[in-house]
Every structure is written in structure tokens, then in C-alpha cells.
2 protein chains.
Amino acid sequence: MSTIHGMDPLLDLPQLRTFYTLAQVGSFTACARRLGRTQSAVSHAMAKLEDLTGVPLLDRRGRGLRLTEEGRRLYQACEQAFATLDAAAEDLKRHQTQARGRLRVGATVEFGSSILMRHMQPFLAANPDLEIDFTLSHDLVGPLLRDDLDLVIDCVDHPLPALKKSPLFRETYVVACAPAFRKAHRLRVPADLSRCPVLSLDKGGAWWNRFLVAVPDRDQPHLDRFIAVNHVRAMIHAAVEGMGALLAPRYAVLEELERGDLVALFPAIRPAEDRFSIYQKKVKAGQEKQRLLTRYLQSLSPEEFGS
Amino acid sequence: MSTIHGMDPLLDLPQLRTFYTLAQVGSFTACARRLGRTQSAVSHAMAKLEDLTGVPLLDRRGRGLRLTEEGRRLYQACEQAFATLDAAAEDLKRHQTQARGRLRVGATVEFGSSILMRHMQPFLAANPDLEIDFTLSHDLVGPLLRDDLDLVIDCVDHPLPALKKSPLFRETYVVACAPAFRKAHRLRVPADLSRCPVLSLDKGGAWWNRFLVAVPDRDQPHLDRFIAVNHVRAMIHAAVEGMGALLAPRYAVLEELERGDLVALFPAIRPAEDRFSIYQKKVKAGQEKQRLLTRYLQSLSPEEFGS
DNA sequence: ATGCTTCATGAGTACGATTCATGGCATGGA
DNA sequence: TCCATGCCATGAATCGTACTCATGAAGCAT
């Protein structure tokens, strides 16, 4: 009755996907985690959707939210619509041209050896004629510019005009230590880290800067007992053994936190995060093999990057 | 095979609606018009979609674009998905609470008397318990602030913090005249308007500024023979009779242009456009009757506003 | 009460979608 | 052949909006 073309822009929004996910998982926070957004984003999105439609869709009373009657109907529509769309997407994937030839990929040591390796198998299987080799190093841009690498995944920003940058994900860091260690050193606030052994990837302790910048001035600890370990995995083991406090990418210590081998310290303080991006030379970014890998990596859900 | 949750963000984009519309109308320009965007926007959107999927969806060879095989399949998926979503939207509309009480709407004379009136009937029918009255005037903000009006549709910008502004549509203007008039005055470039009778809504000729600002300096005409007519409809009739050149909102002269009673002049020059917005007092914007009308107006497709 | 979740909200920001201003490439008259 | 004209592509600039950040309020435990 309202629009001439029977086309209603109302329900054609990213909000809908959020609503759909939210209905599935039943919690704003969980939904946010799965979509790689903040809880606030989900809340805003739902507020907007309800405002747009003019109908309450969520029943927020009490614990564990439920859908209203209208919400349930909308959910069913989403279920159907997204199913067909996702099927279409899947279908399109099959028609992508396969990549051939050789692709030389570079990545940081920590990221490459863990997350990247864990997720490359499906891509390799889908492109049997593609030869990939990996170079894990801290110097990535040099080889990229010298054409020793075709594509690089790095977390330091390279604002070079010759490079194409595609954002990939954000890496968050946590401070943690063994439970016994926390007790022994009575760690309650950041300042308690003073005169307490801390594990660092470098000898100077610059590694801890990404944490220190997030600490308010009054609570600044004076770190002076650094234990340098130039390998993340080794550093984690050291922390588990109670050798010192640890600052590490969250994804790297998920299991240890889960098992209780490590406990997170000062959850209120969020260290600076790294933004991982894919870098390629602009002139080569158009090549099929490069685009395929870029798309594949970007299609990985944020959860898979441990954020 | 790729994403863990079977949720592929690829096809969850506004781009899709564009693609769907494009496939229906078969032309970038027409699609843009229908969606109220520029041709460029549609082009960008399709480029991005094809890049994202990695599959060519459009066949641009030759005249009149066609879909590729993959494009056709995607189109069918869209057809189905959007159908269920739009049905759901329609369903939600029925559950919107009806508005009651009285709503005093203000609008500019030209807009209110034509477009607005032509589109209010469905809204009135859907809200039988709502009494609406219209005030068409050029002074709208005053009454709005004095609470003589509840909601106002205006094209001049009011950056008042107490007012909530919701963008509605853009009004484009055209310069036109009767075919015979063009011949008689040999109108080919804007400068030819010098010493040629021009119709103006005001006596000073300020009406023509929105055209003059769009004309490059070298081609500036010296308008000096103004015929003032303080009513748009009358002005159009005058133009049809060959009394002078006309500057008018495009929507107002659509029929005349269609029938050939008027011809558009200098299509390359695009006069400054008016941006119509809905203004309401923030404190009252939350009321159901106001929100309903706002949503209704915004749901009207851009085509219906003649742009 | 105190803490611990979970969601809401307002202000500020960053990114992506859109526009603007072009340029290329076809087609159809003169 | 030559210019008009219509259609789409493209790069840079701009604008809006969906996000984050930093809170606050409300439910449920202890």
C-alpha cells in the first residue's frame, strides 16, 4: 500500500543480520563476539531496527532475552531469506576461477605460526594447483617491495602509496600470569607490577608499552625486572611456570586461560591493539591468486582470529 | 567449507539490493534514478559486488546489459530472499500501533500542494483515528517553535539544537521554455538568456540564483527582463504560453516536459538543489504519531518525489 | 549492601557509501 | 568523417552512518 514498487528499504539492512545472529545466540554480548563487534554496536543496531520498524522485537524482561511474537516472525523470514542468500553465495564460490602458479606469502612469526597455519588448509584444498610458500619474519615490507614476496600480513602500518592495504582483523592483548604467581605478588592493580618479574619479547621492555599506554598515570607501575624471551610460545610456557607476568596476544593464550593455567590480570585495562592488514603491491593486487587469498582470509570470521 | 558458522558476510550487503534493482531495470542510469542515487553509486556498488564475489555478474558488451549465468542465479536468489523479507516488512507494518489524536503538519506551498497531497491518502487511510491538518506557508520554523505546528517539511536548513532533522529527499530544478520560445530566442547556451524574458517567483530575480551559481563565469547571462509570478503553477502556464524562460522544480514540470509543452534547456547545467527535511521538536519527536508520519514519508521512494 | 553480569545511552570517530568531475567507448545523425 | 549523445568506468573528495569508547542503570548472585 505504501511504496509503489513493492520495494521496502526498511528491511534491507545489515541490522537484520545482527538481529538474526542475536536471536540465535540469545545474548547481546555473545552476538557481538560472534560478529566481531562490541556489545554496544549490537545494542545500537537493535534499537535502530526497532525504531525503523516501529515494532518491539525483543523481550528484554528478566534474564535471557526472548523474541516477541513479531520478532519471531521476522526471525523466520530471516532464516529463510538468509538461507537462500547464503546458498547463492556458496554457489558463487564454486564458480570462482581457481588460482594457479606460485604465491609467496609473508606474515609475522607469531601470527603466521599459529592462526594462519591453522586456517590455510581449506584454501589449499580448494586450489590444488597453487603453490604457496610462507615466510615468517619481522621484516616483511622490505621483501614485499623487492618482489621477494607477493602478499604480506603485518600489523605495523605502512602508508606507502605503492601498496594496497586491506584490513584483516584486530589483535587484542591480555596481561596474565600463573595463579600462584598472582597470589605470591599480591597483584591487584597495575602498580603492583613494580619490582615484579615481567616477561618481555625484547630486552628493553618496549614490548610492554602497549600495556603501559593504557594505564592511567597514577597507577603506572615501574617495570624494572624484565625477563626477555624472544619467542611467544616460550614466553607463555615461562608464565605458566610462574616465572613472571605475561603480556601476550589473546588468541595465543586462550587455552591456558580456559584451563586455568593462566589468569587474566586487570581486565579493566585494555592494552593497545594491533591492526593486522594484508599488504600487496598495487600493480599485482589484481592478480587472481592474490585476490582469492585476500578474499579467503577476509571471509574468516572474527572469532577465528581469537578476538 | 570456509566459515565456521555457515554465515557468509559476503552477500549481506546493501549492494545486493542495488544489483537486484539493476537486473530488473536493465540500466545503470535507470537503476540509479529508481533508487535515488547517482549512476556512479550504482557503478561503484556493482564493481564492489563483483570484486567481493570474484565472479562477473554483468555482461556489459554491447547495448543493453545482460546478466551472466552466475548473475542470473544470484538474481533468482535475490528475488526469493527479498520477497520473503519484504513480506515480513509488510507484516510488521500491520502491527504498528495506530496513531491517534491531532497532528499539525507544515510544508512549503509548492511541495505541500502537489507532492505531499498526492501521497497522504494511504497514510490517512491507515490511521483513521488521526486528525491531520496542513499549513502551507513559507514561514514554517516560527510556528514550529511556537508549538503551532508539530511537524514541518522544509527545504531551508535550520541548524537549531532543539530541532530534530530527518532528511527526506532532494529537489532538483530545471530550466525550460516552450519550444517555439527557444527557437525565437535561439537559446543554445546560458548566455543566450541575456535580454530574454525570464519568469521568476520573486520580483528581484533572486529565484534564478540557484541556476546562476551553477553556470561557469564565462557563460553567465545578464538577466534583466524578469516577469514576476508568485505562484509556481501560474509560472509554468506562462512558460507554456511562451511568455519566458522558466526555472522550476523538476517534479512540477514533468508532465509538460513529457508532452513537449516545454523543453529542458542546458541539461548540462545542474542548478543548485534543495534538500527537503522533516523538522520536529526533539522533545516531541518521540511521539508515535510523529514517528509514524516520519517513517511513512521516508518510505516513499525517491521516484515519487520526482527526482 | 557489594559485587558481577547484562544491556542502554550519548558523544566522538573512522570507515564506507555516495557524489562530483571527469574520461572512454559505443551508437546515430549530419 | 566528424561531432553530438547516451551509457558506463574511475579516482578523489565528501558525507553519513555504524561503530567504539566511556559511562550508567538494572537484574541476579553472594
Side-chain angles (χ1 to χ4, degrees), chain A residues 9 12-19 22 25-33 35-52 56 58-66 157 161 164-167 170 172 214 216 267-270 272-273 275 277 282 286 298 302 307, chain B residues 9 12-18 22 25-33 35-52 56 58-66 157 161 165-167 170 172 188 214 216 264 266-270 272-273 275 277 282 286 302 307:
Chain A
D12 187 22
L13 304 155
Q15 265 91 266
L16 259 200
R17 186 68 91 165
T18 306
F19 169 76
L22 174 59
V25 302
S27 145
F28 281 57
T29 329
C31 172
R33 226 194 338 270
L35 297 177
R37 327 242 121 112
T38 61
Q39 169 269 322
S40 178
V42 178
S43 182
H44 278 294
M46 290 308 96
K48 179 143 206 178
L49 186 59
E50 286 184 314
D51 177 74
L52 237 46
L58 303 174
D59 178 3
R60 298 160 165 88
R61 293 169 316 188
R63 172 72 61 173
L65 77 150
R66 306 186 50 71
D157 194 37
K164 176 177 175 182
K165 172 182 175 180
S166 324
R170 303 183 181 193
T172 57
I269 313 279
R270 267 172 305 189
E273 57 189 13
R275 296 155 104 94
S277 298
K282 274 181 182 160
Q298 290 180 330
S307 49
Chain B
D12 187 21
L13 304 155
Q15 267 88 273
L16 259 198
R17 187 68 91 165
T18 307
L22 174 59
V25 301
S27 143
F28 280 57
T29 330
C31 171
R33 224 192 343 267
L35 295 176
R37 330 239 119 111
T38 60
Q39 170 267 320
S40 177
V42 177
S43 181
H44 278 296
M46 291 306 95
K48 180 147 203 178
L49 186 60
E50 286 185 313
D51 178 74
L52 238 46
L58 304 174
D59 177 4
R60 299 157 163 90
R61 292 170 317 185
R63 172 73 60 175
L65 78 150
R66 307 184 49 70
D157 195 37
K165 171 182 174 181
S166 322
R170 302 181 182 193
T172 56
R188 296 192 47 83
F266 332 124
I269 312 280
R270 268 172 303 187
E273 55 190 15
R275 296 158 106 93
S277 298
K282 274 183 183 161
S307 47

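Everything numeric in this text was worked out from a predicted model, so none of it was measured. To find a chain, count down the sequence lines: A is the first, B the second, and so on, and within it residues start at 1.
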Problem - Pair B:Leu13-B:Thr18, side-chain contact (heavy atoms from CB on, under 4.5 Å): steps then yes or no - result: CA-CA 9 Å; B:Leu13 304 155; B:Thr18 307; over 6 Å; no

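- At whole-Å resolution of the value, CG in A:Leu35 and P in D:dC19 are 9 Å apart.
- Between A:His44 atom NE2 and A:Gln39 atom CD the span is 8.5 Å, to the nearest 0.5 Å.
- Atom CG of B:Leu65 and atom CG of B:Leu22 lie 5.5 Å apart (nearest 0.5 Å).
- Straight-line distance from the CZ atom of B:Arg60 to the C1' atom of C:dG24: 14 Å, rounded to whole Å.
- One can place CG of A:Leu52 at 9 Å from P of D:dA18, the figure rounded to the nearest angstrom.
- Between the CG atom of A:Leu58 and the P atom of C:dT6 there is a distance of 16 Å, rounded to whole Å.
- We find that CG of A:Asp59 is positioned 12 Å from P of C:dA8, with the value rounded to whole Å.
- Rounding to whole angstrom units, CZ of residue A:Phe28 and C1' of D:dG24 are separated by 16 Å.
- The minimum heavy-atom distance between B:Ala45 and B:Gln15, with the atom names listed, is O-CG, 3.4 Å.
- Taking side-chain N and O atoms only, B:Ser27 has no distance below 4.0 Å to OP1 or OP2 of D:dC7.
- A distance of 5.0 Å separates CG in A:Leu58 from CZ in A:Phe28, rounded to the nearest 0.5 Å.
- A salt bridge is defined here as a Lys NZ or Arg NE, NH1 or NH2 lying under 4.0 Å from an Asp or Glu carboxylate O, and A:Lys48 with A:Glu50 fails to meet this definition.
- Computed from coordinates, the A:Leu49 CG to D:dA18 P distance equals 11 Å when rounded to whole Å.
- The interatomic distance linking B:Arg33 (CZ) with D:dC7 (C1') rounds to 12 Å, in whole Å.
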Exercise for the section: Give the B/S/- string for nucleotides 9-21 of chain C, one per nucleotide from 5' to 3', where a protein heavy atom under 4.0 Å of the base yields B, of only the sugar-phosphate yields S, and otherwise -. Expected result: BBB---S-SSBB-

